[in-house]
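All values derive from a computational prediction rather than experimental measurement. Each chain gets a letter, A, B and so on, in the order the sequences are listed, and its residues count up from 1.
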2 protein chains.
Amino acid sequence: MKRQTTFEQIVEAADQLFYQQGFENTSFSDIAEVVKISRGNFYHHFKSKNEILNAVIKHRLDNTRELLNQWESENQNPQDRVQSFINILLMNMAKIKKYGCPVGTLCTELTKLQHPAQTDANQLFSIFRGWLTQQFERMHLSQNADDLAMHILSWSQGVATLAHVYQDERFIQLEITQISNWLKQLK
Amino acid sequence: MKRQTTFEQIVEAADQLFYQQGFENTSFSDIAEVVKISRGNFYHHFKSKNEILNAVIKHRLDNTRELLNQWESENQNPQDRVQSFINILLMNMAKIKKYGCPVGTLCTELTKLQHPAQTDANQLFSIFRGWLTQQFERMHLSQNADDLAMHILSWSQGVATLAHVYQDERFIQLEITQISNWLKQLK
DNA sequence: GTCTATACCTGGATAGAC
DNA sequence: GTCTATCCAGGTATAGAC
């Protein structure tokens with residue numbers, strides 16, 4: 001197993017902490033504690049905290065693209081592919097309950113902060129949005145494929161938010177069933 | 001028109017700012033600027049920032065209860081009452097686009113911060129949840145009324161989140177139509 | 001009840017030794 | 001490449017005059 005560089009370790013740790021505690025609420029001390037480096041050392045790798053955020057977003061974008069490629073290679077049928085999307089609610093249930101949706105909570109926070117990285121972060125949504133739109137287009141649906149993509153995106157978003165606030169896994173499971181049924185009945 | 005006390009002015013201003021900028025990101029200076037008092041003066045009215053937050057939550061809870069009472073007096077039919085709930089997406093469209101849902105964004109932030117006021121804030125959701133459950137019960141639906149309440153709550157939550165992130169009012173309008181149709185078809 | 005002054009702390013950022 | 005020391009800004013909170 002290849003050893004991670006300090007740069008990668010920082011990005012990895014920041015990624016987790018931004019997700020678990022929020023961006024603003026995560027300090028250099030928090031990250032330093034995880035990576036086990038001194039605070040001053042950050043500035044050898046990054047110019048500012050915002051640059052760490054940028055690296056984290058880039059890291060997540062890369063991971064997301066990889067995930068979508070995997071779903072595409074695993075399933076030929078667009079409907080099955082969309083089902084893969086729904087299944088992340090199931091796969092990440094424990095984390096969603098604890099910390100909410102990593103995309104939604106980050107984008108919402110940055111939007112409230114009027115943060116310059118806002119548009120970059122929104123790409124995290126847009127990658128899914130575009131990909132879902134493609135799948136719906138291949139299903140030859142009468143409705144606007146982009147509207148369907150937004151619909152399922154916001155549906156999962158609402159589920160994650162409520163599951164997070166109420167710390168309720170059962171609710172996630174209930175809604176997953178409904179989203180799947182909605183998908184099957186699409187014509 | 002009765003003049004507001006300083007206490008009320010602080011709560012009112014904090015309420016707005018917490019919504020627009022987030023709780024953590026709002027400083028005493030920000031509030032002081034709006035109310036036009038000095039920073040030191042806060043501590044005559046509140047022991048800490050958390051106490052301001054508590055007052056804001058209480059303020060919102062009172063307003064919410066009043067709103068529900070109003071909906072009840074305006075509509076006898078439970079279905080029409082639920083429609084009133086859906087309509088807040090329409091009425092507050094501009095603000096939702098700009099700042100998201102006031103309940104959802106606050107609760108999500110406090111949950112991430114592991115803030116002690118977390119459970120109090122969740123009451124803001126629970127008031128709606130309980131009230132919606134009552135309405136669905138009166139509609140004599142075969143499904144669990146609480147599940148339906150959670151469903152519509154999370155639906156509106158997802159819509160608010162995506163509309164906020166994408167600054168998209170058209171999407172809100174599209175989804176409102178769908179929620180209304182869902183409500184009408186409930187059996 | 002409101003103000004000014006100030007204490008105290010934390011967090012981001014810099015300089016420079018090793 | 002990593003450390004320590006340090007600076008500076010800002011945020012919460014306190015003391016005490018008016």
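The side-chain hydrogen bond (donor to acceptor under 3.5 Å, both in side chains) check on A/N75 picks up A/S84, with sequence neighbours excluded. Remark: A/E74 pairs with A/Q70, A/W71 by the side chain to side chain contact (heavy atoms under 4.5 Å, CB included) rule, at least two apart or across chains. Legend: residues meeting side chain to side chain contact (heavy atoms under 4.5 Å, CB included) with A/T119, ordered by chain and number and at least two apart, are absent. Residues that satisfy the salt bridge (Lys or Arg N to Asp or Glu O under 4.0 Å) test with B/K184, not counting sequence neighbours, are absent from this structure. Legend: residues meeting salt bridge (Lys or Arg N to Asp or Glu O under 4.0 Å) with A/R138, ordered by chain and number and at least two apart, are absent.
Between B/F125 and A/Y166, the ring-plane angle classifies as tilted under the 30° and 60° cut-offs.
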Could you give the side-chain donor-acceptor pairs of residues 32-41 of chain B under 3.5 Å, partners two or more places apart or in another chain?
none

What pairs of donor and acceptor atoms, side-chain ones from residues 87-100 of chain A against any protein atom, are under 3.5 angstrom apart with sequence neighbours left out?
residue : atom : partner : partner atom : Å
A/N87   : OD1  : A/Q83   : NE2          : 3.1
A/N87   : ND2  : A/Q83   : O            : 3.4

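For residues 140-151 of chain B, the set of pairs meeting the salt bridge (charged side-chain N to carboxylate O under 4.0 Å, His left out) definition, not counting sequence neighbours, comprises A/R170-B/D147, B/R129-B/D146. Under the salt bridge (charged side-chain N to carboxylate O under 4.0 Å, His left out) criterion, no residue pair touches residues 78-91 of chain A, with sequence neighbours excluded.
Put simply, chain B comes within 4.0 Å of DNA chain D, heavy atom to any atom, from D/dG11 to D/dT14, going 5' to 3'.
Following rounding to the nearest Å, A/N41 (CG) and C/dA13 (P) show an atom-to-atom distance of 15 Å.
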Between protein and nucleotides 8-12 of chain C, what N or O pairs are separated by less than 3.5 Å?
residue : atom : partner : partner atom : Å
C/dG12  : OP1  : A/K49   : NZ           : 3.1
C/dG12  : OP2  : A/F28   : N            : 2.9

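If you check residues 108-121 of chain B against DNA chain D, you find no residue with a heavy atom closer than 4.0 Å.
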